[in-house]
Amino acid sequence: MPIVESNKVTDSNAATTPTPSAAVLVLEDGRMFRGRSYGAQGTALGEAVFATGMTGYQETITDPSYARQLVVQTAPHIGNTGVNSEDAESRKIWVAGYIVRDAARRPSNWRSERSLDAELVEQGIVGIRGVDTRAITRHLREHKTMRAGIFSGEAAQASDKELLETVLASAPMEGAALAEEVSIDEAYVVEPKDHGWDGEPRFSIAAVDLGIKAMTPVRFAERGVRVHVLPATATLEDVNAVSPDGFFMSNGPGDPATADHQVTLLRSVLDEKLPYFGICFGNQILGRALGFGTYKLRYGHRGINQPVMDRRTGKVEITSQNHGFAVDAPMNGATVAPEERYGRVEVSHVSLNDDVVEGLACLDIPAFSVQYHPEAAAGPHDAAYLFDRFIDLMADTKAANSTDTKTEDQK
């Protein structure tokens, strides 16, 4: 297998800053990109993917959906605004490795508390800088996402053949069950009163953490919804124990084909006619629960500028996305789900870049989902209405159940 080295990128600051150790990015097809270490030194293995956001790098690296992935930032300047204690989307950095072109020498922002480089070192995240991220991105677009490794310090001294063998021995993303690895161990509650809501909660939901971002329950709480966040291993008994008005499944990493436990749980919830809303991984789980398949995309959708059409309204949303798998469902109108007891379903949202399914809507049971991130952390707020749509669904279901109860009482 041939090994090809890319052109190096010249760093205008190289003469005025200490020279870090040599580093190399090795892709599984033999392509190599040489640069310098960024963050911690050592070895990082994972799936190489690119993210197109020009802002929000702190939210990106702390998104649990990036677990076991080496993230290439297509924006050339990274680290300019530093990092702070407020913008993290989870308890730690989840990217397996970080790849940037021009790393900031020092942060400059009134909210900055420390540099991104220092944060990567503190959390042991191996990165590389001074590489041509445009060339890496074009290569991944043309050939697909693939296994890769970042090697720096002593690890980079191995031969090219040894480095490539290390990458080829690493685990692929297909078949990876990661939700349980990133999920919480113990349940917790997010209260509306802690996020600006004045008055009693309007509704209560059970939210399964498959890699949930911190802003998601906040978006619910801001609208008066109490959120019981449950571990990925939650059972139907755990869900019913909090007496929810609705059920939610979050974003998360890994292959949805491995999520048999979550699919079984969701089917039990759907059988009870409890309103359901899913985001990203939660969309794929709904697809599987309805009987559809899932498949791996060539290079996925990652960034905060992904155009999606809401087929019900004809409106186009610019969305935040981070997924490498998608649901395989019919695109032309309503169809009966392969699991026929759930009735009709339709593709509600579609990607305008590649016609990938971006949302599902059940027509005979109270359930819908989207493949993207309406919590917009970071990203545009075009899709914030989906939280309101779920609240309306819970209200309508509650009203219908109340009417049915009164009718039964009159009989």
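Computed from a predicted structure; not experimentally measured.
For H373, the ring pair (Phe, Tyr, Trp, His ring centres under 6.0 Å) test picks out no residue, with sequence neighbours left out. In this view, E47 and K296 satisfy the salt bridge (Lys or Arg N to Asp or Glu O under 4.0 Å) rule, not counting sequence neighbours. Among residues two or more places apart in sequence or in another chain, the ring pair (Phe, Tyr, Trp, His ring centres under 6.0 Å) test is passed with Y57 by none. Looking at residues two or more places apart in sequence or on another chain, you find no ring pair (Phe, Tyr, Trp, His ring centres under 6.0 Å) involving Y66. With sequence neighbours left out, the ring pair (Phe, Tyr, Trp, His ring centres under 6.0 Å) criterion links F247 to Y276. Residues satisfying the side chain to side chain donor-acceptor pair (under 3.5 Å) test with Y188, not counting sequence neighbours, are none. Residues passing the side chain to side chain contact (heavy atoms under 4.5 Å, CB included) test with A337, sequence neighbours excluded: L290, V345. Residues meeting the side chain to side chain donor-acceptor pair (under 3.5 Å) test with Q73, sequence neighbours left out: Y98. The side chain to side chain donor-acceptor pair (under 3.5 Å) search around E181 returns none, not counting sequence neighbours.
Side-chain contact check for T397 versus K273: every heavy-atom pair is 4.5 Å or farther apart. Side-chain contact between E119 and I61 is absent, with no heavy-atom pair separated by less than 4.5 Å. Between P374 and I279 there is a side-chain heavy-atom pair separated by less than 4.5 Å. Two residues are said to be in side-chain contact when any heavy atoms from C-beta on lie closer than 4.5 Å; S320 and Y372 fail this criterion. The shortest distance between side-chain heavy atoms of V350 and D355 falls below 4.5 Å. With contacts defined as side-chain heavy-atom distances shorter than 4.5 Å, the pair V229/F248 does not qualify.
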Which is it for D132 and R101 under the salt bridge (charged side-chain N to carboxylate O under 4.0 Å, His left out) test, yes or no, and what are the steps along the way?
CA-CA 6 Å; D132 190 341; R101 178 177 173 124; 3.7 Å; yes
Using the rule given for salt bridge (charged side-chain N to carboxylate O under 4.0 Å, His left out), can you reason through D87 versus R111, listing the C-alpha separation, both sets of side-chain angles and the distance that settles it, and then say yes or no?
CA-CA 10 Å; D87 290 347; R111 298 179 67 236; 2.8 Å; yes
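Between the side chains of Q262 and E180, a donor-acceptor pair is found at a separation under 3.5 Å. When only modelled atom types and interatomic distance are considered, H228 and S204 share a side-chain donor-acceptor pair under 3.5 Å. With 3.5 Å as the limit, one finds no donor-acceptor pair spanning the side chains of Q371 and H301. Side-chain contact annotation: S37 with S21, donor-acceptor N/O pair under 3.5 Å present.
Atom CG of N353 sits in a crowded spot, with more than 12 heavy atoms from other residues, nucleotides or ligands closer than 6.0 Å. The number of heavy-atom neighbours closer than 6.0 Å to CD of E154, taken from other residues, nucleotides and ligands shown, is 12 or below. Within a 6.0 Å radius of CD in E174, other residues, nucleotides and ligands contribute more than 12 heavy atoms.
Taking CH2 from W197 and CD from E222, the interatomic distance works out to 11.0 Å, rounded to the nearest 0.5 Å. Of the inter-residue distances, the one linking L286 atom CG with L270 atom CG reads 6.5 Å to the nearest 0.5 angstrom.
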Could you pull out every donor-acceptor pair under 3.5 Å between side chains of residues 383-391 and any protein atom, sequence neighbours left out?
residue : atom : partner : partner atom : Å
Y385    : OH   : D310    : OD2          : 3.0
Y385    : OH   : E317    : OE2          : 2.3
Y385    : OH   : H349    : NE2          : 3.1
D388    : OD1  : R223    : NE           : 2.9
R389    : NH2  : D310    : OD2          : 3.4

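Screening residues 245-261 for salt bridge (charged side-chain N to carboxylate O under 4.0 Å, His left out), with sequence neighbours left out, gives D260-R288. Within the structure, salt bridge (charged side-chain N to carboxylate O under 4.0 Å, His left out) pairs that include any residue of residues 338-352 comprise R267-E339, D271-R341, R312-E346, E339-R341, R344-D364 (at least two apart or interchain).
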